[in-house]
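Right, one structure below, let's go through it.
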Amino acid sequence: QVQLVETGGGWVQPGGSLRLSCAAAGRTIEGYSMAWFRQAPQKAREVVAAIDRSGISKYYIDSVKGRFTISRDNAGNMMYLQMNDLKADDTAVYYCTATYSRRVVIDDYDYDHWGQGTQVTVSL
C-alpha cells in the first residue's frame with residue numbers, strides 16, 4: 001500500500017508560483033505511474049499532469065502547458081508539480097495519485113492511491 005501526502009499549497013496572486021510536493025510512504029514509487037488531479041468547487045475532477053514511472057513520458061492538459069512542470073524523484077519517493085504564472089482558474093484542491101503501471105495514466109478511475117489533497121487559491 002502506498003500512502004501519499006501533498007504539501008505546498010496555499011494562496012498566491014495571479015502570475016505567482018507554487019511548488020507542490022507529494023511524499024510517498026509504504027512502498028517505493030519506482031513501479032508506479034503518478035499524476036496530479038485537481039477539483040474546483042462545483043466542477044468535475046480533472047487530471048492536470050501525469051508522469052510515467054521512469055519520469056520520461058509526461059502528459060499535461062492544454063490549460064497548463066508551458067506553465068506547469070511535473071517531475072519525480074524515485075530515489076526520494078517524491079513527486080512534484082511546479083506551477084508558474086498561476087491564474088484564478090487554477091484555484092482548486094490538488095491531489096497526488098499513484099497506480100502500478102508502466103505507462104502514463106490520465107483517467108482517475110485507473111488510480112487506486114490518492115492523497116488527501118492540498119488547497120491552491122489564486123486571487124488578488
Side-chain angles (χ1 to χ4, degrees):
Q1 193 75 327
V2 177
Q3 293 86 44
L4 304 171
V5 177
E6 306 94 337
T7 57
W11 171 83
V12 65
Q13 293 185 345
S17 297
L18 284 173
R19 187 192 196 207
L20 303 184
S21 298
C22 173
R27 287 189 177 183
T28 175
I29 62 171
E30 287 183 355
Y32 288 79
S33 179
M34 301 185 74
W36 290 96
F37 283 78
R38 68 185 179 187
Q39 187 162 23
Q42 301 180 348
K43 289 188 178 180
R45 184 166 57 192
E46 63 178 357
V47 64
V48 176
I51 189 167
D52 75 343
R53 63 184 186 181
S54 72
I56 295 175
S57 296
K58 302 176 184 180
Y59 168 87
Y60 298 94
I61 56 169
D62 287 346
S63 62
V64 308
K65 286 180 180 177
R67 300 189 297 122
F68 290 13
T69 302
I70 189 171
S71 62
R72 64 190 292 162
D73 172 9
N74 286 348
N77 249 26
M78 297 289 295
M79 181 178 66
Y80 305 98
L81 185 68
Q82 178 65 44
M83 305 186 293
N84 298 328
D85 191 22
L86 282 159
K87 306 178 186 301
D89 286 347
D90 296 318
T91 296
V93 177
Y94 284 71
Y95 298 91
C96 168
T97 65
T99 189
Y100 198 82
S101 176
R102 294 181 179 182
R103 59 183 178 87
V104 174
V105 179
I106 64 172
D107 294 309
D108 57 358
Y109 53 77
D110 284 326
Y111 280 95
D112 44 15
H113 301 284
W114 292 78
Q116 292 300 305
T118 185
Q119 176 70 46
V120 171
T121 302
V122 184
S123 68
L124 292 171

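Values below: every heavy atom of this structure, side chains too, minus hydrogens, waters and symmetry copies. Along the sequence shown, the residues carry numbers beginning at 1.
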Give the table of side-chain donor-acceptor pairs shorter than 3.5 Å for residues 18-30, with sequence neighbours excluded, one pair per line with atom names and distance.
| unit_1 | atom_1 | unit_2 | atom_2 | d |
| --- | --- | --- | --- | --- |
| T28 | OG1 | E30 | N | 3.3 |

- prompt: Does V5 belong to the same Ile/Leu/Val/Met/Phe/Trp/Tyr cluster as V48, with side-chain heavy atoms less than 4.5 Å apart forming each link?
  reply: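 Unlinked, V5 and V48 end up in two clusters.
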- request: Quick one: list whatever passes side chain to side chain donor-acceptor pair (under 3.5 Å) with Q3, sequence neighbours left out.
  value: none
message: Can you list everything that forms a side chain to side chain donor-acceptor pair (under 3.5 Å) with K43? Sequence neighbours excluded, please.
response: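 Per chain and number, K43 pairs via side chain to side chain donor-acceptor pair (under 3.5 Å) with no residue.
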Taking [Y]'s backbone N and O only, do any of them form a donor-acceptor pair with [X]'s side chain (distance below 3.5 Å, no angle check)?
X    : Y   : value
Q39  : A92 : no
R72  : D52 : yes
T118 : T7  : no
Y95  : E6  : no
W36  : Y80 : yes

field: Atom pair OH (Y94) and CZ (F68), whose distance is rounded to the nearest 0.5 Å
entry: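 Spacing of OH (Y94) from CZ (F68) equals 4.5 Å.
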query: If you round to the nearest 0.5 Å, how far is CG of N77 from CE of M79?
result: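 The CG atom of N77 is 11.5 Å from CE of M79, to the nearest 0.5 Å.
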message: Give me the atom names and distance for the closest heavy-atom approach of Y32 to A98.
response: CD2-CB, 4.0 Å
- request: Evaluate side-chain contact (heavy atoms from CB on, under 4.5 Å) for R103 paired with S57, printing each intermediate quantity in order.
  value: CA-CA 8 Å; R103 59 183 178 87; S57 296; over 6 Å; no
task: Please write out which residues are connected to L124 in a hydrophobic cluster, directly or through intermediates, given that two of Ile, Leu, Val, Met, Phe, Trp, Tyr count as joined at side-chain heavy-atom separations below 4.5 angstrom.
output: none
task: Sort and list the pairs that fulfil disulfide bond (SG atoms under 2.5 Å apart) and have at least one residue in residues 23-75, not counting sequence neighbours.
output: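 Output for this query is empty, none listed.
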- request: Quick one: which residue pairs count as a disulfide bond (SG atoms under 2.5 Å apart) with a foot in residues 23-86, not counting sequence neighbours?
  value: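 Pairs touching residues 23-86 that pass the test: none.
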message: Can you confirm whether E46 is buried at CD, in the sense that more than 12 heavy atoms of other residues, nucleotides or ligands lie under 6.0 Å from that atom?
response: yes
message: Below 30° counts as parallel, above 60° as perpendicular, anything between as tilted: where do the rings of F37 and W114 land?
response: tilted
query: So D62 and K65, salt bridge (Lys or Arg N to Asp or Glu O under 4.0 Å) or not? Walk me through it.
result: CA-CA 5 Å; D62 287 346; K65 286 180 180 177; 3.0 Å; yes
